[in-house]
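Since the model is a prediction, treat every value here as computed from it, not as a measurement.
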Amino acid sequence: QVQLVESGGGLVQAGGSLRLSCAASGLTFSTYDMGWFRQAPGKEREFVASITWDGGVTYYASSVKGRFTISRDNAKNTVYLQMNSLKPEDTTVYYCAAGATATMASRYPYWGQGTQVTVSS
């Protein structure tokens, strides 16, 4: 079955950086568009970034554009989210998703379990 496993979350000070990774298995990774979302307690899942199957096109939420970079390594079946200039409002759980580049979470059929990112002020 399809598995997406996120890693790289943690605690960082404001202005710092983290790199999230999402390792995929059970699917032909190189043919899947991938995305990152985040979700705070009691709120809807929010689009962060997405990337096409070949890495040729990327999309970003306005709130992270210029600070976050999505990339992928199809040889390693892994998608990354490099997060720079982190702000306390970036604190939440981040999820990896497979199957679309859309901003709507419902368009993605596969999801990871999430990794917590905490940015202290």
Side-chain angles (χ1 to χ4, degrees):
Q1 72 276 22
V2 175
Q3 281 195 315
L4 303 175
V5 180
E6 300 97 336
S7 61
L11 173 64
V12 64
Q13 287 189 331
S17 299
L18 282 174
R19 188 175 82 155
L20 305 183
S21 300
C22 171
S25 61
L27 75 169
T28 306
F29 180 76
S30 61
T31 67
Y32 276 77
D33 299 332
M34 299 293 294
W36 285 96
F37 285 73
R38 61 189 183 186
Q39 187 171 23
K43 293 191 175 182
E44 289 190 359
R45 201 159 285 192
E46 175 192 16
F47 172 79
V48 175
S50 62
I51 188 167
T52 53
W53 60 273
D54 61 349
V57 182
T58 57
Y59 304 91
Y60 296 94
S62 57
S63 58
V64 306
K65 198 168 187 178
R67 300 189 298 124
F68 292 9
T69 302
I70 188 171
S71 62
R72 65 190 296 157
D73 185 339
N74 285 347
K76 295 183 178 179
N77 287 1
T78 301
V79 63
Y80 304 98
L81 186 67
Q82 177 68 44
M83 305 186 295
N84 299 329
S85 302
L86 282 161
K87 305 174 181 179
E89 52 263 43
D90 295 317
T91 295
T92 189
V93 179
Y94 284 72
Y95 296 89
C96 169
T101 56
T103 59
M104 292 176 59
S106 60
R107 297 287 300 274
Y108 293 75
Y110 304 114
W111 291 86
Q113 293 301 304
T115 186
Q116 175 71 43
V117 171
T118 303
V119 184
S120 63
S121 57

Under the ring-ring contact (aromatic ring centres under 6.0 Å, His included) test, residues paired with Phe37 that sit two or more places apart: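 If we apply the ring-ring contact (aromatic ring centres under 6.0 Å, His included) test to Phe37, skipping adjacent residues, the hits are Phe47, Tyr108, Trp111.
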Would you kindly confirm whether [X] and [Y] end up in one hydrophobic cluster when ILVMFWY residues are joined by side chain heavy atoms under 4.5 Å apart?
X	Y	value
Val64	Val12	yes
Leu4	Trp53	no
Val93	Phe68	no
Leu20	Tyr95	no
Val2	Ile51	yes

Separation of [Y] [atom2] from [X] [atom1] (nearest 0.5 Å):
X	Y	atom1	atom2	answer
Thr91	Gln116	OG1	CD	7.5 Å
Asp54	Asp33	CG	CG	8.5 Å
Gln1	Ser25	CD	OG	7.5 Å
Arg72	Ser21	CZ	OG	13.5 Å
Thr28	Asn77	OG1	CG	9.0 Å
Met34	Phe29	CE	CZ	5.0 Å

Audit row: Met83, Val117, side chain to side chain contact (heavy atoms under 4.5 Å, CB included) steps and yes/no: CA-CA 10 Å; Met83 305 186 295; Val117 171; 3.8 Å; yes
Partner of Cys22 under side chain to side chain contact (heavy atoms under 4.5 Å, CB included), chosen from Tyr94, Trp36, Tyr80: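 When Tyr94, Trp36, Tyr80 are each tested with Cys22, the side chain to side chain contact (heavy atoms under 4.5 Å, CB included) holds only for Trp36.
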Please answer whether the main-chain N or O of [Y] pairs with a side-chain N or O of [X] as donor and acceptor at a distance below 3.5 Å.
X	Y	value
Gln113	Val5	no
Gln82	Thr69	no
Thr52	Val57	yes
Gln13	Ser120	no

Can you name the closest pair of heavy atoms from [X] and [Y] and give their distance?
X	Y	value
Ala14	Pro88	CB-CD, 4.1 Å
Ala98	Leu27	CB-CD1, 4.1 Å
Asp90	Arg67	OD2-NH1, 2.7 Å
Asn84	Ser17	OD1-OG, 2.9 Å

Sequence neighbours excluded - side chain to side chain donor-acceptor pair (under 3.5 Å) pairs with any residue from residues 40-50: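 Listed by first then second residue: Arg38-Glu46, Gln39-Arg45.
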